[in-house]
There are 2 protein chains.
Amino acid sequence: MTPPAPVSLTAIPGIPDIQPGDDLATILATALEGAGLALADGDILCVAQKVVSKAEGCLIPYDSVTPSDRALQLAQELNKDPRKVEVVLRETRRILRAWRAPGAPEGVMICEHRLGFISANAGVDESNLGQRDAALTLPADPDASCRRLADALAAHFGARIGVVMTDTFGRPWRMGQVNVAIGLAGVPATIREQGNHDAWGRPLQVTEPALADEIAAASGLVVRKNARTPLVLLRGLDWRPDPASRATDIIRKQQEDQFR
Amino acid sequence: MTPPAPVSLTAIPGIPDIQPGDDLATILATALEGAGLALADGDILCVAQKVVSKAEGCLIPYDSVTPSDRALQLAQELNKDPRKVEVVLRETRRILRAWRAPGAPEGVMICEHRLGFISANAGVDESNLGQRDAALTLPADPDASCRRLADALAAHFGARIGVVMTDTFGRPWRMGQVNVAIGLAGVPATIREQGNHDAWGRPLQVTEPALADEIAAASGLVVRKNARTPLVLLRGLDWRPDPASRATDIIRKQQEDQFR
């Protein structure tokens, strides 16, 4: 018997260090073609937030940052760089928790980002920047960034594709980090199965697979931080495009969330 | 140029409804061979908790359950079946939250399972059981179940493999559910990258990819609840076996967790 068709995940090599103003869609298309790959209908590209932020000029040199009094106070409590704290605060709607564990060299800030995502440091990152005295924020509008990439790559390859922008988040209760979706074009945030039935006819009450986060987490399997592989091609997935999908659809409303 | 080798995810068809006492390893081996697949070194099998629980006889008929006073009280507050609540309480070390949203037909219990996992209803499930007046609990020792499956399948195919037992969990802050790892054989819970450096030489402070959960989430892409596909083959992943891995290594210690 022929084995069932698999879903495949491929890390695309050959993407250079990204600079502000770079035409990311063309760079990604070149990397795909350099790897012998042409996009086809139904393909989904996972793009790491970091390269999008870099192309969009979201790098903030610390010598341009003057910490507020609140940033100075938090930085002292948490033993963090006050300029980083200031950048985090500018991206933050609300701090859920800020604490420093006994013996930890540095504290943690769990923040609700201005777009609603909840993560450490509101997505502000200092690693893999190529310079030490700067921080990188999330793109201004990750869904719009994904839409631009999807449109440009769809035109380039003549194929209907989806794009998922990923970032790496920790989570409560479970160790380690997983990639999650923070921007979407075409790919639904979740699949609403309410009203469907299980294999024995029992109604599925609350089943709603978080498709975009499953895709993002899967992309993490082939991307490692020290390998400069910010682009993953997911091929063979059975999915239905949703032209109106937005990553913020993934965010649980505060009044439905008992863990804020 | 030859495209880079992908990681592939294949849902294995042809697995029958599982009965208590079934030899699950032989059933899975038969399904793999029926799909034209032989396991090879480095393959990872994702097995849905439900079939393991069924094979191990974790189905509890409600006519055998007498709800305690506490179960009766909670059931009334949450509009749940007191027999289900009783089964949940027997699996639960601690209830983190129990609430019924205004207008919701039924309430939610977020529980710390006796093994430490935090999820709705302590992993007790009523769907896809093939009978309506019963509930299915997690296996007694999911890591041991995975180890038995891994040993039997490794012997059958003459290959070193890993096994991940998956369950479907909701999570705070983000909508929908993702598959997570609740049992492991060979596959590390996380990859400790502390002490490594990013691509530009900056030390990675807290990077610890949750490998087992990434694998579990990826398996969700090819498994849909109404399709009876409890087995997924992950092939082509670059990973290092850890003979001592345990799914409970994924659980964040209470004193390090600000969201309990």
Side-chain angles (χ1 to χ4, degrees), chain A residues 1-4 6-11 13 34-37 97 99 101 110 118 126-130 132 171-178 180 189-190 193 196-200 202 204 207-210 213-215 217-218 220-222 225-228 237 249-252 256-259, chain B residues 1-4 6-13 34-37 97 99 101 110 118 127-130 132 171-178 180 189-190 193 196-200 202 204 207-210 213-215 217-218 220-222 225-228 237 249-252 256-259:
Chain A
M1 184 181 162
T2 313
V7 167
S8 69
L9 293 155
T10 307
L37 292 162
R97 301 279 195 284
W99 80 98
I110 305 295
I118 296 175
E126 292 177 304
S127 64
N128 274 311
L129 301 184
R132 279 167 194 265
R171 59 262 170 92
W173 310 335
R174 298 178 73 81
M175 298 292 289
Q177 297 98 34
V178 291
V180 301
T190 64
E193 292 187 353
N196 290 354
H197 293 77
D198 71 17
W200 285 266
R202 190 173 186 282
L204 291 169
T207 307
E208 184 175 348
D213 280 345
E214 289 177 334
I215 292 169
L221 289 172
V222 295
K225 279 222 168 177
N226 55 2
R228 297 199 202 193
L237 186 69
D249 292 341
I250 303 175
I251 298 162
R252 206 178 276 279
E256 297 167 6
D257 195 333
Q258 303 283 316
F259 295 96
Chain B
M1 184 179 162
T2 313
V7 166
S8 69
L9 294 155
T10 307
I12 309 302
L37 292 162
R97 301 277 195 288
W99 81 96
I110 305 296
I118 295 175
S127 65
N128 274 311
L129 301 186
R132 281 169 192 264
R171 59 263 170 92
W173 311 336
R174 298 177 74 82
M175 299 291 289
Q177 297 97 34
V178 291
V180 300
T190 65
E193 293 187 350
N196 289 354
H197 294 77
D198 71 17
W200 285 266
R202 190 174 184 282
L204 290 169
T207 306
E208 183 175 350
D213 280 344
E214 289 177 334
I215 292 168
L221 289 172
V222 295
K225 279 220 168 179
N226 54 3
R228 295 198 204 194
L237 186 69
D249 292 341
I250 303 175
I251 297 163
R252 205 178 277 280
E256 296 167 5
D257 196 334
Q258 303 283 316
F259 295 95

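Residue numbering restarts at 1 for every chain, and letters A, B, ... go by the order of the sequence lines. The figures that follow rest on heavy atoms only: side chains count, while hydrogens, waters and symmetry mates do not. What you see is a predicted model, and the numbers here were worked out from it, not measured in a lab.
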Practice task
Sort B:Ala11 into side chain, backbone, both or neither according to what part of it lies under 4.5 angstrom from a heavy atom of chain A.
Solution key: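 Only the backbone of B:Ala11 comes within 4.5 Å of chain A.
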Practice task
Select one option (side chain, backbone, both, neither) describing which atoms of B:Ile215 are under 4.5 Å from chain A's heavy atoms.
Solution key: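 Contact with chain A: backbone and side chain both.
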Minimum heavy-atom distance [X]-[Y], with the two atoms named:
X: B:Asp249; Y: A:Met175; result: O-CG, 3.6 Å
X: B:Arg174; Y: A:Arg252; result: O-NH2, 3.1 Å
X: B:Thr10; Y: A:Pro4; result: CG2-O, 3.6 Å
X: A:Leu9; Y: B:Leu9; result: CD1-CD1, 4.2 Å

Practice task
Just give me the residue among A:Val180, A:Val178, A:Thr190 that pairs up with chain B most often, heavy atom to heavy atom, under 4.5 Å.
Solution key: A:Val180
Practice task
Report the option among A:Gly176, A:Pro172, A:Ala189 that has the most heavy-atom pairs separated by less than 4.5 Å from atoms of chain B.
Solution key: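 It is A:Pro172.
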Practice task
Report yes if some heavy atom in the side chain of B:Ile110 is under 4.5 Å from a heavy atom in the side chain of A:Trp173; otherwise report no.
Solution key: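 Sidechains of A:Trp173 and B:Ile110: in contact.
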Exercise for the section: Please tell me if the side chains of B:Arg171 and A:Asp213 come closer than 4.5 Å, counting only heavy atoms from C-beta onward. Expected result: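 A side-chain contact exists here, since the closest heavy-atom pair is under 4.5 Å.
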Exercise for the section: Determine yes or no for a side-chain-to-main-chain donor-acceptor pair under 3.5 angstrom, with B:Glu214 supplying the side chain and A:Ala218 the backbone. Expected result: no
